Amino acid sequence: MRRFDVAIIGGGIVGLATATELTRTTGATVVVLESEGRVAAHQTGHNSGVIHSGLYYKPGSLKARNCTAGRDAMYRFCEAHDIPHERCGKLVVATSEEEIPALDELERRGVANGLEGLKRVAGEELGEYEPHVAGVDGLWVPSTGIVSYTAVTEAYARLVQERGGEVRTRSRVLAISQFSDGVTLETASGTVHAKALINCAGLQSDRVARMAGMDPGLQIIPFRGEYYELVPAKHHLVKNLIYPVPDPRFPFLGVHFTRMVGGGVEAGPNAVLALRREGYERTSFDPGDALEMVTFPGFWKLAAKHWRMGAGEFHRSFSKVAFVHALQRLLPEIEEEDLVPAEAGVRAQAVEASGALVDDFRIVEGTGSIHVLNAPSPAATASISIGQHIARLARARFELSPA
Ligand SMILES: Cc1cc2nc3c(=O)[nH]c(=O)nc-3n(C[C@H](O)[C@H](O)[C@H](O)COP(=O)(O)OP(=O)(O)OC[C@H]3O[C@@H](n4cnc5c(N)ncnc54)[C@H](O)[C@@H]3O)c2cc1C
């Protein structure tokens, strides 16, 4: 049986970006193992499709560094591989005077993170960028763009295969045995041997880490993000991307309007606690996932701290009126009948036993293994840069031969 140098668990954008970089820079034999019948089946294929600028993140954090570098690399990759994308810019809108200090802080972070062309847009001037928006202040961010991350991930997979790597779908990893000279993975499509393991399993990354004998020190809590789509007659209300000023206490950006690269405009996502990790419906429930969540002490600490916000998100999930009300703060002309439900996504948010939401990307090295334990937004934007970072760690740790 063939023995690979590196087995990557997860055919999402992070796993495949890592495989792309490893096959480009080393002579290592690489296999990507994906549970589903296609790549990009979970977070990567269910997101807003925004190429983030790097505005929001604490200067010096992994998010800030990888987002700004990854954004430029993403634009170059899309150009080189003919992937439809647009650098259309976005407007962040303060809808009340109370939000202005947080907008000031975003601008400071943007400048510290090296963003070019940021422009403060006051009152009337907002209409020059987004004619239907309402607000007291705004920040124009020209380096933001749109793309389909499914298309990007499919391109990564093609490159990996062209360079001799394997991408095996329908290959859920069920068990992992570690030996002194490598790992054996039992998968839904057979046994795989490899010298080293890279865990990019997204919503399952904590479980995969435990399967590999490592204590991740955190648990993935799933947060569903629900979207509506604007009916075609109302597309004219949104030129590009319109975002609120986010609540700095949470890692989510608040419901926004996003023009999609394939056409149409989405509104959302909210952030509702999900009772199933890959649960895309309001009624989705998995007894194992729910039990694991409620027996995790970090969940109750998180709930005690943020129950009010959680209750508001639940309310917005079940009440379209409440969802529309949140959107009307940005676009007062939007009415309930202008929106039809669209497909949801589920975010993998790592939470520590203390109840703290893990804010930054978290990539941890084990024996013969590397684990990506927290890769929320903007990990799709930053995927090329994250892949390069993981490949650097792998080259140093797994003694991979050069290309
Ligand atoms: C609603 C929403 C909106 C977002 N908007 C944006 C945005 O606009 N811009 C941006 O940059 N980011 C955005 N993000 C974040 C971005 O989508 C994620 O950060 C990124 O897709 C993470 O990629 P991943 O490869 O780590 O995870 P995933 O895409 O979830 O991939 C993990 C893969 O691992 C597989 N897997 C799991 N367990 C196993 C196993 N045991 N064996 C084999 N395979 C396994 C899964 O099937 C899955 O395909 C958004 C996310 C969501 C949910």
Side-chain angles (χ1 to χ4, degrees), residues 7-19 31-54 56 63 66-67 70-71 74 90 144-150 152-153 156 167-176 185-189 192 197-212 220 222-227 241 243 251-253 255-256 258 260-261 266 268-272 274 277-278 280 342-350 361 363 372-383 386-387 390:
I8 297 175
I9 303 180
I13 200 164
V14 173
L16 280 155
T18 304
V31 61
V32 179
L33 301 164
E34 166 54 44
S35 288
E36 309 293 347
R38 60 191 164 92
V39 300
H42 290 297
Q43 295 178 91
T44 301
H46 294 88
N47 59 42
S48 300
V50 174
I51 302 179
H52 284 297
S53 59
Y56 299 98
K63 277 188 178 175
N66 286 286
C67 186
R71 171 202 71 207
M74 183 60 67
K90 85 169 176 185
T144 304
I146 50 175
V147 73
S148 155
Y149 286 115
T150 300
V152 171
T153 306
Y156 291 167
V167 180
R168 294 190 189 171
T169 52
R170 296 192 172 81
S171 298
R172 182 184 298 276
V173 174
L174 305 164
I176 302 172
L185 309 167
E186 298 305 335
T187 85
S189 67
V192 173
L197 167 73
I198 303 180
N199 163 13
C200 301
L203 284 153
Q204 302 289 335
S205 58
D206 56 339
R207 289 176 178 161
V208 168
R210 275 187 221 105
M211 242 193 259
I220 295 295
F223 285 91
R224 194 172 51 255
E226 294 155 340
Y227 291 91
L241 312 180
Y243 276 62
F252 312 121
L253 300 181
V255 289
H256 46 263
T258 313
M260 292 178 287
V261 79
E266 271 186 346
N270 53 7
V272 193
R277 292 204 185 188
E278 287 87 6
Y280 295 97
E343 224 182 342
V346 184
R347 305 174 185 83
Q349 175 61 52
F361 297 149
I363 299 168
V372 179
L373 297 175
N374 197 47
S377 184
T381 304
S383 55
I386 297 175
I390 299 171

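Just so you know, these numbers come straight off a predicted model, no measurement behind them. Indexing begins at 1, ligand by ligand and atom by atom, following the structure's order. Hydrogens, waters and symmetry mates are skipped; everything else that's a heavy atom, side chains included, is used.
Contacts of H52 with ligand 1, taken as heavy-atom pairs under 4.0 Å, involve the side chain alone. Only the backbone of P376 comes within 4.0 Å of ligand 1, judged by heavy-atom distances. Contacts between A348 and ligand 1, counted as non-hydrogen atom pairs separated by less than 4.0 Å, are absent for every part of the residue. Heavy atoms of L174 found under 4.0 angstrom from ligand 1: none, in either backbone or side chain. At a 4.0 Å heavy-atom cut-off, ligand 1 touches Q204 through the side chain alone. Residue-level proximity to ligand 1 for L33 is carried by the backbone, the only part with a heavy atom below 4.0 angstrom.
Cation-pi geometry between R224 and Y280 is not satisfied (NZ or CZ under 6.0 Å from the ring centre, within 45° of the ring normal).
Atom 49 (O) of ligand 1 has E34 OE1, 2.7 Å as its closest protein atom, hydrogens excluded (heavy atom only). When only non-hydrogen protein atoms are considered, atom 22 (C) of ligand 1 lies nearest to A375 O, 3.6 Å. Closest protein heavy atom to atom 41 (N) of ligand 1: V173 O, 3.2 Å. Closest protein heavy atom to atom 8 (O) of ligand 1: V50 N, 3.0 Å. In terms of protein heavy atoms, atom 39 (C) of ligand 1 is closest to S35 OG, 3.4 Å. What sits closest to atom 27 (O) of ligand 1 on the protein, heavy atoms only, is Q43 NE2, 3.3 Å. Protein heavy atom closest to atom 12 (N) of ligand 1, with residue, atom name and distance, is S377 OG, 3.4 Å. With hydrogens left out, the protein atom closest to atom 4 (C) of ligand 1 is N47 CB, 3.1 Å, a heavy atom.
No side-chain heavy atom of V167 sits under 4.5 Å from any side-chain heavy atom of L33. Between Y149 and T44, the closest side-chain pair of non-hydrogen atoms falls below 4.5 Å. Annotation: side chain of S377 is in contact with side chain of H52 (closest heavy-atom distance under 4.5 Å). Between R168 and V192 the shortest side-chain heavy-atom distance falls below 4.5 Å. Side-chain contact check for F223 versus P269: every heavy-atom pair is 4.5 Å or farther apart. The shortest side-chain heavy-atom distance between R207 and R277 falls under the 4.5 Å cut-off. A 4.5 Å side-chain heavy-atom check between Q349 and N374 finds at least one atom pair inside the cut-off. Taking the side chain as every heavy atom from C-beta outward, H256 and S48 approach each other to under 4.5 Å.
Partner of H42 under the side chain to side chain donor-acceptor pair (under 3.5 Å) criterion, out of Q204, E36, E278: E36 alone.
Here I8 contributes atom CD1 and I390 contributes atom CD1; the two are 8.0 Å apart, rounded to the nearest 0.5 Å. Between the CZ atom in R71 and the CD1 atom in I51 there is a gap of 10.0 Å [rounded to 0.5 Å]. With rounding to the nearest 0.5 Å, the separation of CD1 in I363 from OG in S205 is 11.0 Å. Rounded to the nearest 0.5 angstrom, S171 OG and I9 CD1 are separated by 11.0 Å.
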query: Given V372 and N199, is the side-chain contact (heavy atoms from CB on, under 4.5 Å) satisfied, shown in steps?
result: CA-CA 6 Å; V372 179; N199 163 13; 5.9 Å; no

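Atoms of ligand 1 lying under 4.0 Å from any heavy atom of G10, numbered from 1 in the order shown and given with element: 33 (C), 34 (O), 35 (C), 44 (N). Of all atoms in ligand 1, listed by their number and element, those nearer than 4.0 Å to a heavy atom of R172 are 41 (N), 42 (N), 43 (C). Short contacts between ligand 1 and R347, defined as distances under 4.0 Å to a heavy atom of the residue, involve ligand atoms 52 (C), 53 (C). The G12 neighbourhood of ligand 1 comprises atoms 25 (O), 29 (O), 31 (O), 33 (C), with distances under 4.0 Å to a heavy atom of that residue. Residue-ligand proximity, A379 to ligand 1, at heavy-atom distances under 4.0 Å covers atoms 19 (O). Interface atoms of ligand 1 facing V346, defined by a heavy-atom separation under 4.0 Å, are 53 (C).
Inclusion of H46 in the set of residues having an N or O under 3.5 Å from an N or O of ligand 1 is not warranted. Close N/O approach between I9 and ligand 1 is not found [any backbone or side-chain N/O within under 3.5 Å]. For a threshold of 3.5 Å applied to N or O pairs, the pair formed by Y227 and ligand 1 contains no separation below that value. Not one N or O of E36 is nearer than 3.5 Å to an N or O of ligand 1, by distance alone.
Of the candidates G49, G268, G15, A201, the one placing a heavy atom closest to atom 37 (C) of ligand 1 is A201. Looking at V208, T44, I13, it is T44 that brings a heavy atom closest to atom 28 (P) of ligand 1.
The closest approach between any non-hydrogen atom of F223 and ligand 1 is not below 4.0 Å.
Ring pair Y243/Y56 is tilted by interplanar angle, where 30° to 60° counts as tilted.
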